[in-house]
Amino acid sequence: MFNSQQPIPDEYILMSEKDRDERIRAIKSNLGSRLVILGHHYQRDEVIRYADYRGDSLKLAQLAAQEKEAEYIVFCGVHFMAETADMLTSSEQKVILPDLEAGCPMADMAEIDDVEECWNLLTAQYSQEIIPVTYVNSSAEVKAFCGRNGGMTCTSSNAPKIFGKLLGEKKSILFLPDEHLGRNTGLKWGLHDQDILLWTRENPEEVELPEKAPKLILWNGYCTVHQKFKTHHVDEVRRKYPGVTVIVHPECSHAVVERADLSGSTDYIIRQISAAPAGSVWAVGTEINLVHRLAQENPDKTVVSLNENVCLCIMMSRISQPHLLAALENLNQGKVVNQICVDRKITADAISALNRMLELSK
Ligand code: SF4
C-alpha cells in the first residue's frame with residue numbers, strides 16, 4: 001500500500017478560509033508555470049476553484065503529460081489518479097497528492113495477490129484466450145498485471161468500444177475491479193446472465209468454474225458512492241418531478257441503469273445536461289459535488305441528485321483547502337512532500353495496458 005499522511009500543521013486548519021485562499025493564490029502566482037493543479041470533477045468547490053484543469057482521471061493525467069514545463073503536478077483526486085499521472089509524466093516531474101489517505105475504495109478491492117490467484121486459476125482451467133481488462137480506477141500494479149498479460153485498461157467512456165472489439169473477436173474478458181461497469185457494458189453488448197461469471201474475491205475457492213470459459217468474468221468490486229443509488233430513488237424522483245430525465249453513471253447497479261433514461265461517464269453526463277434545453281429537469285446519479293456544480297452551472301435547468309441523502313465520495317473529500325495549502329507551502333519552499341512515485345517496471349507494464357486501450361478505442 002502507500003505511505004500514511006503526516007498531520008498537517010494546525011496553523012493551516014486554524015487560519016481563516018480567506019487567508020488560506022490568499023496564500024494559495026500567492027503561491028500559485030509565485031510558482032507560475034512550474035506548478036499545475038489538477039482537479040477531479042468530484043472535488044469540493046473549496047479545492048476545485050484552484051484547478052488549472054478539471055476532468056476525469058484519465059483526461060487529467062493526459063493533460064499533465066502535455067504540461068512539459070511543470071515541475072510540480074498537484075493532483076486533487078485519489079491515489080490511483082496520481083499514480084497514472086506519475087506514469088504518464090517525465091521522471092523530472094513530481095506528482096503530489098495533498099492527502100496520502102485519499103484512496104479509492106473500489107481500486108483497493110482488487111489487490112494484486114488476489115488478482116494473480118484468480119488469473120492462475122482461470123488460465124489453468126481454460127484453453128481459450130482470456131484478456132484482462134481493468135477500469136482505470138485501479139492500482140498501478142493491477143494495470144501492470146493487465147499489461148503483462150496481453151490486456152488493457154479502459155475508462156467508463158471507452159469500455160463499450162473495448163468490450164465490443166474483444167467480444168467480437170470471441171475472446172473472454174476478465175474485468176477488474178468494478179462489477180457494475182463490467183456488467184452494464186457486457187449486457188449492452190447482448191450478453192446474457194449465463195455468459196457472465198462473478199468472481200468473489202473474498203472466497204475464490206467457492207467460485208464454480210463452468211466447463212466452457214465464460215464470456216465475461218467480473219471481479220466483485222464496487223464504488224461505494226454509486227451503489228447508494230437504488231431503483232426506488234428513480235421511482236421517487238419520477239413521482240416528484242414529472243417529466244424528469246434520470247441520468248446515471250454506469251458504476252451504478254444494472255437495475256438502476258435499466259430504470260434510468262440515460263447512463264454514461266461523468267463527461268457524458270456533463271455534456272448531456274449542458275446541451276439540454278432551458279427548463280428541463282434532471283435527476284443525476286453520481287457524486288454530489290459534481291451534481292451541485294452542474295446545478296450551479298445550469299441555472300436555467302433544474303438539476304437534483306437522484307438520492308436526496310448526500311452521496312459524497314469521502315475519500316475525494318479528504319483533499320481539503322488546508323491540505324492543498326500545506327502541500328503548496330512546502331513546494332514554495334522547495335520541499336516536495338506527498339510525492340507519488342510508481343516503480344519503473346510497474347510503469348512500463350502499466351503503460352503498455354494504457355497504450356493498448358488508446359489503440360483499441362480509436
Ligand atoms: S467515487 Fe467511487 S470510484 Fe470514484 S474515487 Fe470515490 S469510491 Fe472510488
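Both counts, for ligands and for their atoms, begin at 1 and track the order of listing.
- Shortest non-hydrogen contact noted between Val246 and Asp261 is N-OD2, 2.7 Å.
- Every residue was checked against the ring-ring contact (aromatic ring centres under 6.0 Å, His included) condition with His41, not counting sequence neighbours, and none meets it.
- Residues satisfying the salt bridge (Lys or Arg N to Asp or Glu O under 4.0 Å) test with Glu92, not counting sequence neighbours, are none.
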Check against side-chain hydrogen bond (donor to acceptor under 3.5 Å, both in side chains), Arg44 and Asn289: CA-CA 6 Å; Arg44 332 174 188 197; Asn289 280 306; over 6 Å; no
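- Qualifying salt bridge (Lys or Arg N to Asp or Glu O under 4.0 Å) partners for Lys228, counting only residues two or more places apart in sequence or in other chains: none.
- Taking the six-membered ring where the residue is Trp, the centroids of Trp119 and Phe145 are separated by under 6.0 Å.
- Distances under 2.8 Å from atom 2 (Fe) of ligand 1 pick out the protein N/O/S atoms Cys223 SG.
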